[in-house]
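Below: the structure, in structure tokens.
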Amino acid sequence: MERATRLNPRLKLIFISPATQNPGELLADAPPNVQTVAVDSDAPTVLQNLILARQEKGKPRRYALAVRRGDAEVEVGVLQLPSTPATFSKRLAFVAAAATGARGGTLVYANGAAEAEDIADFISQLQPEADPGDVHPELAALADLARKGLHPQFRLAPLVEQGVAFHFGNMPSLLRLEIERLFRSGRIRFLVCTSTLVEGVNLSCRTIVVRGPRKGKGNPMELHDFWNLAGRAGRWGDEFQGNIVCLDPENVTAWPSVCRCAPATRSAARAMPSSTQDMASSTILPRAWKAVPASSTAWRNSSKWERIC
């Protein structure tokens with residue numbers, strides 16, 4: 001920075017640090033003759049849609065979707081699952097598969113390595129069966145690496161051939177890095193991750209699906225960790241919008257009272273201010289989400305979220 005300002009005294013440098021509480025610390029070492037200013041802003045750099053997915057009463061295969069906007073909700077559609085999910089892992093997998101458009105780019109948060117493997121396995125079973133000749137060479141190479149480098153029956157190998165993978169800390173770094181690279185490139189469409197992703201892995205996505213996130217041995221995830229995870233949906237420069245799908249938001253066990261949704265007012269499209277009507281919903285929701293539409297209205301992320309849901 002000192003060299004740059006010497007070469008061009010009129011140079012202006014801007015440091016952007018998302019979710020930082022003390023951005024002024026970045027300027028502490030600035031040269032004494034340089035004017036500095038720290039701007040603390042809640043304005044998002046991307047459009048993030050906080051979407052609540054609730055099972056319809058008496059209909060375990062149908063999940064109603066509502067977007068949270070301040071203290072109100074706007075109903076946007078219904079997900080129709082292929083069958084009734086009997087466990088929480090299957091529920092996450094089924095909703096993630098149903099909510100993902102043709103482009104993929106979906107992260108699913110799991111509370112542990114074993115759960116991550118199970119969810120990834122369930123998602124792979126919902127994908128069309130791939131012909132061995134149709135598997136992309138990079139996915140085939142990753143599957144081969146898993147079989148030869150770890151074990152011939154390693155659970156990851158057949159999953160990546162379907163475009164699905166899991167990601168946790170206790171994996172060889174070479175394998176994790178290749179999984180991350182292929183997810184960024186779009187070859188891997190679904191990635192089931194654990195808290196490892198919150199702890200420094202720089203990976204963005206289009207959609208995050210989460211239910212009752214925990215960090216460590218059953219500890220509910222803190223707000224700043226949740227938003228660190230959620231901030232990967234629609235990262236600036238990669239994706240200009242992202243969806244954060246929270247399952248069963250009123251469930252006290254899944255979402256403790258400190259981060260559970262407060263009751264919200266359901267609002268219809270006609271009740272929204274006209275300034276929010278200028279973005280077509282087709283630019284927001286994957287096509288699969290509009291199979292049973294509840295509203296054709298779009299929304300904007302207009303304020304900082306103070307709670308998880």
Side-chain angles (χ1 to χ4, degrees), residues 53 60-61 63 79-172 174-194 196-197 201 203 205-211 232-233 243 245 247 286-289 291:
R61 294 174 57 185
Y63 273 76
L79 289 179
Q80 182 72 39
L81 307 186
S83 60
T84 301
T87 64
F88 295 139
S89 295
K90 283 187 176 181
R91 190 177 303 178
L92 268 171
F94 282 29
V95 170
T100 297
R103 295 176 64 195
T106 297
L107 280 176
V108 184
Y109 188 85
N111 294 319
E115 183 177 291
E117 293 186 14
D118 289 342
I119 293 172
D121 196 9
F122 292 140
I123 293 175
S124 73
Q125 295 174 29
L126 298 171
Q127 305 308 302
E129 188 172 351
D131 187 277
D134 294 335
V135 177
H136 192 276
E138 289 186 303
L139 296 178
L142 177 58
D144 190 55
L145 173 64
R147 291 187 176 103
K148 292 181 178 179
L150 292 174
H151 192 277
Q153 302 299 321
F154 188 49
R155 202 172 184 182
L156 179 70
L159 302 185
V160 297
E161 294 173 340
Q162 299 276 354
V164 183
F166 50 79
H167 181 293
F168 46 79
N170 191 22
M171 293 176 69
L174 178 62
L175 202 61
R176 281 191 287 113
L177 291 172
E178 187 63 6
I179 289 171
E180 293 165 18
R181 185 185 71 82
L182 291 176
F183 182 74
R184 289 190 184 98
S185 71
R187 301 298 179 199
I188 291 176
R189 298 176 60 242
F190 297 89
L191 181 57
V192 187
C193 66
T194 64
T196 304
L197 208 66
V201 179
L203 198 65
C205 64
R206 295 186 183 94
T207 301
I208 292 177
V209 183
V210 61
R211 182 190 187 277
R232 297 165 196 279
N243 301 306
V245 182
L247 267 68
R287 185 175 301 173
W289 293 18

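Values in this document were obtained by computation on a predicted structure and should not be read as measured data.
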Looking at [atom1] of [X] and [atom2] of [Y], how far apart are the two atoms once the value is rounded to the nearest 0.5 Å?
{"X": "T106", "Y": "R189", "atom1": "OG1", "atom2": "CZ", "result": "7.5 Å"}
{"X": "F190", "Y": "S124", "atom1": "CZ", "atom2": "OG", "result": "10.5 Å"}
{"X": "S89", "Y": "E115", "atom1": "OG", "atom2": "CD", "result": "4.5 Å"}
{"X": "L203", "Y": "T196", "atom1": "CG", "atom2": "OG1", "result": "12.0 Å"}
{"X": "Q127", "Y": "E161", "atom1": "CD", "atom2": "CD", "result": "14.0 Å"}
{"X": "Y109", "Y": "L247", "atom1": "OH", "atom2": "CG", "result": "15.0 Å"}

Considering non-hydrogen atoms only, spot the tightest contact between [X] and [Y] and give its length.
{"X": "I179", "Y": "A165", "answer": "CG2-CB, 4.0 Å"}
{"X": "V135", "Y": "A140", "answer": "CG1-N, 3.8 Å"}
{"X": "T194", "Y": "G169", "answer": "OG1-N, 4.4 Å"}
{"X": "L107", "Y": "C193", "answer": "CD2-SG, 4.4 Å"}
{"X": "A146", "Y": "F154", "answer": "CB-CD2, 3.8 Å"}
{"X": "P85", "Y": "P60", "answer": "CD-O, 3.9 Å"}

Quick check: does any side chain N or O of [X] sit under 3.5 Å from a backbone N or O of [Y], one acting as donor and the other as acceptor?
{"X": "R61", "Y": "Q80", "result": "no"}
{"X": "T100", "Y": "A97", "result": "no"}
{"X": "Q162", "Y": "P158", "result": "no"}

* To do: Answer yes or no: does atom CG of N170 have more than 12 heavy-atom neighbours from other residues, nucleotides or ligands under 6.0 Å?
  => no

* Residue that, paired with F166, satisfies side-chain contact (heavy atoms from CB on, under 4.5 Å) out of D121, I119, L159 -> L159

* Tell me, please, which residues at least two apart from E180 pass side chain to side chain donor-acceptor pair (under 3.5 Å). => H167

* Asked: Can you name the residues that form a side chain to side chain contact (heavy atoms under 4.5 Å, CB included) with L182, not counting sequence neighbours?
  -> E138, L139, L142, E178, S185, R187, I188

* To do: Give the intermediate values and the outcome of side chain to side chain contact (heavy atoms under 4.5 Å, CB included) for residues L175 and L156.
  => CA-CA 10 Å; L175 202 61; L156 179 70; 3.8 Å; yes

* To do: Begin from the C-alpha positions of D118 and T87 and carry the test side chain to side chain contact (heavy atoms under 4.5 Å, CB included) through to its verdict.
  => CA-CA 11 Å; D118 289 342; T87 64; over 6 Å; no

* Applying salt bridge (Lys or Arg N to Asp or Glu O under 4.0 Å), which residue pairs with at least one partner in residues 82-91 are found, sequence neighbours left out? -> R91-D248

* Dump the intermediate steps for side chain to side chain contact (heavy atoms under 4.5 Å, CB included) on R211 and V95, then the final yes or no. => CA-CA 11 Å; R211 182 190 187 277; V95 170; over 6 Å; no

